[in-house]
Amino acid sequence: MGTLEGRVAIVTGAGRGLGRAHALLLAREGARVVVNDLGGSLDGSVDGDQDPAQQVVEEILAAGGTAVADHEDVSSFEGAGRLVARAAETFGGLHVVVNNAGILRDAFLHRMTEAEWDAVIAVHLKGHFALVRQAVAYWQPLAKAGTPVNASVINTTSASGTYLALPGQANYGAAKAAIASFSIVAAAELGRLGVRVNAISPGARTRMTESTPGPIGELMRAPVAPGALDEFSPENVSPLVAYLAAESTTVTGRVFAVRGGEIQEISPWALSPERVLRSDVDWTPQQVAEGFEAVLGVDDLGTPATA
Ligand code: NAD
């Protein structure tokens, strides 16, 4: 018997890449899966010719699993509501939400358009909020009526924006850092309903990372020696998702970097007790300047390290 027998899961952006790997593994572990994907290109524009969600459903069915395709846009609040309703109406419940859908619209800030900012924030940050909000609207009345909920939300953050400042990704990094914070706050709030919330920061070879210029793209495109651990296979990320999704798992409010061979916790924002400038009187700019370098330290341009 699989570890997710009896669970109903939604995986967004599950037509390709990481979402596809998550959906296939969750189904193999016995979950009934709603495979959501609108079939967009990397920048989020919709070509409409392909139906990757249906292709993944067919793979799941061929392997003896249970799944249904869904084509809602996760950045639509109403669409997220219909997605939750589809899970509940098709499979009679909802226990696992994997927020994974994502796009990229990289640009340096002096060129980034309002549309590039809005689209990335909409799919990632609003998309995460919309589906969690709609799922909570489903779970909250159950919890209130005394029905045990035992649900799990797995959100998708990134190295970009959390522990890596990648130039050209101010929109994406900001959305991803906000998703990590959203996950921690949501976990603190939703525990009383029986809902756990965690986030993963994956590292995997997908169209998103293979097309990245520079060392990240090169790393992803590098051949894997026969018999060696495939560090960047998307299938090496999904087992953590399946673990976090399980009814017996109690982990909540945590953020994990994950790739083949390594799962590492990402520490949340924290005060630095060893870097505190104190005063018994009102601050003046001069007083801040005098104490700053000695206690808080300064670097050249205040520029954080990049990859
Ligand atoms: P991908 O482009 O292969 O897959 C993303 C999928 O999301 C696509 O199939 C796309 O059609 C779908 N999608 C996009 N917008 C959508 C929307 N509005 N509604 C529904 N579906 C939508 O990319 P991936 O690498 O598999 O990325 C998956 C997630 O992991 C993303 O959130 C990404 O930011 C994150 N991530 C990936 C990596 C990595 O190493 N690949 C690293 C950090 C974070």
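Count residues from 1 along the sequence. Both counts, for ligands and for their atoms, begin at 1 and track the order of listing.
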Review point. Charged N to carboxylate O under 4.0 angstrom, Glu210 versus Arg207?
Key: no
**Study point:** Considering all heavy atoms, the nearest Arg221-Thr212 contact
**Key:** NH1-O, 3.9 Å
Practice item. Using modelled atom types only, decide if a donor and an acceptor are shared between the side chain of Thr12 and the backbone of Asn99 within a distance under 3.5 Å. Key: no
Exercise for review: Could you tell me which non-hydrogen atom of Ala246 sits nearest to which non-hydrogen atom of Arg196, and how far apart they are?
Suggested key: O-NH2, 3.0 Å
Review point. Atom 37 (C) of ligand 1: which protein heavy atom is closest, and how many Å away?
Key: Leu18 CD1, 3.6 Å
**Study point:** Those atoms of ligand 1 less than 4.0 Å from some heavy atom in Val123
**Key:** 15 (N), 18 (N)
Check your understanding: So is Arg207 polar-close to ligand 1, meaning N/O to N/O under 3.5 Å?
Key -> yes
Check your understanding: Is there a nitrogen or oxygen of Gly15 sitting under 3.5 Å from a nitrogen or oxygen of ligand 1?
Key -> no
Practice item. Let me see the working for Gln286 and Glu290 under side chain to side chain donor-acceptor pair (under 3.5 Å), right down to the final yes or no. Key: CA-CA 6 Å; Gln286 289 78 3; Glu290 280 161 23; over 6 Å; no
**Study point:** Proximity of Thr209 to ligand 1 by residue part, where a heavy atom lies under 4.0 Å
**Key:** side chain
Exercise for review: Give the atoms of ligand 1, by number and element, whose distance to some non-hydrogen atom of Glu72 is under 4.0 Å.
Suggested key: 19 (N), 20 (C)
Review point. When rounded to the nearest 0.5 angstrom, what distance separates NZ in Lys176 from CZ in Phe182?
Key: 12.5 Å
**Study point:** Distance from atom 22 (C) of ligand 1 to nearest protein heavy atom, with residue and atom
**Key:** Ala101 CB, 3.5 Å
**Study point:** Atom of His22, atom of Ser238 and distance for their closest heavy-atom approach
**Key:** ND1-OG, 2.9 Å
**Study point:** Backbone N/O of Ala87 and side chain of Thr90: donor-acceptor pair under 3.5 Å
**Key:** no
Revision key, fill the gap. Closest to atom 9 (O) of ligand 1 among protein heavy atoms sits Asp37 OD2, 2.6 Å
Check your understanding: Looking at Gly17, which atoms of ligand 1 are within less than 4.0 Å of one of its heavy atoms?
Key -> 3 (O), 26 (O)
Exercise for review: Kindly say whether the aromatic ring centers of His124 and Tyr172 come within a distance under 6.0 Å.
Suggested key: yes
Practice item. Using distance alone, decide if ligand 1 has a nitrogen or oxygen within less than 3.5 Å of any nitrogen or oxygen in Ile103. Key: no
Review point. Under a 4.0 Å N-O cut-off, is there an ion pair linking Arg86 with Glu72?
Key: no
Review point. Short N/O distance, under 3.5 Å, between Lys176 and ligand 1?
Key: yes
Check your understanding: Below 4.5 Å, heavy atoms only, C-beta onward: do Ile200 and Ile154 meet side chain to side chain?
Key -> yes
Revision key, fill the gap. Ligand 1 to Met208, heavy atom cutoff 4.0 Å, flagged ligand atoms 23 (O), 25 (O), 33 (C), 34 (O)
Point to revise | Inter-residue atom distance Ile60.CD1 - Arg20.CZ, 0.5 Å rounding | key: 9.5 Å
Exercise for review: Heavy-atom distances under 4.0 Å are what count here, so tell me which part of His124 touches ligand 1: side chain, backbone, both or neither.
Suggested key: side chain
Point to revise | Heavy-atom nearest neighbour in the protein, as seen from atom 28 (C) of ligand 1, with distance rounded to 0.1 Å | key: Asn100 OD1, 3.2 Å
Review point. Using heavy atoms and a threshold below 4.0 Å, how should the contact between Thr206 and ligand 1 be classified: side chain, backbone, both, or neither?
Key: side chain
Exercise for review: Would you check if the side chain of Asn171 reaches a backbone N or O of Arg105 as a donor-acceptor pair within less than 3.5 Å?
Suggested key: yes
Check your understanding: Quick one: does ligand 1 sit under 4.0 Å from the side chain of Tyr172, the backbone, both or neither, non-hydrogen atoms only?
Key -> side chain
Exercise for review: Using a strict cut-off of 4.0 Å, indicate which atoms of ligand 1 neighbour a heavy atom of Leu38.
Suggested key: 16 (C), 17 (C), 18 (N), 19 (N), 20 (C), 21 (N), 22 (C)
Practice item. Select one of side chain, backbone, both or neither to describe which atoms of Thr157 lie under 4.0 Å from any atom of ligand 1, heavy atoms only. Key: backbone
Review point. What pairs of residues pass the ring pair (Phe, Tyr, Trp, His ring centres under 6.0 Å) test when at least one of them lies in residues 193-224, not counting sequence neighbours?
Key: none
Point to revise | Polar atom proximity, Gly40 to ligand 1 (N or O, under 3.5 Å) | key: yes
Practice item. Consider every N or O of Ser158 and every N or O of ligand 1, then say whether any pair is closer than 3.5 Å. Key: no
Study note, to complete from the structure: The atoms of ligand 1 lying under 4.0 Å from a heavy atom of Asn36, numbered in the order shown, are 20 (C), 21 (N)
Revision key, fill the gap. Atoms of ligand 1 under 4.0 Å from any heavy atom of Gly39, numbered from 1 in the order shown, are 11 (O)
Practice item. Tell me which protein heavy atom sits closest to atom 14 (C) of ligand 1, plus the residue, atom name and distance to 0.1 Å. Key: Gly102 O, 3.5 Å
Study note, to complete from the structure: atom 35 (C) of ligand 1 has as its nearest protein heavy atom Thr156 CG2, 3.5 Å
Check your understanding: With atoms numbered from 1 as shown, which atoms in ligand 1 lie under 4.0 angstrom from a non-hydrogen atom of Gly203?
Key -> 40 (O)
Review point. Any donor and acceptor pair, going by atom type alone, linking the side chain of His95 with main-chain N or O of Val8 inside 3.5 Å?
Key: yes
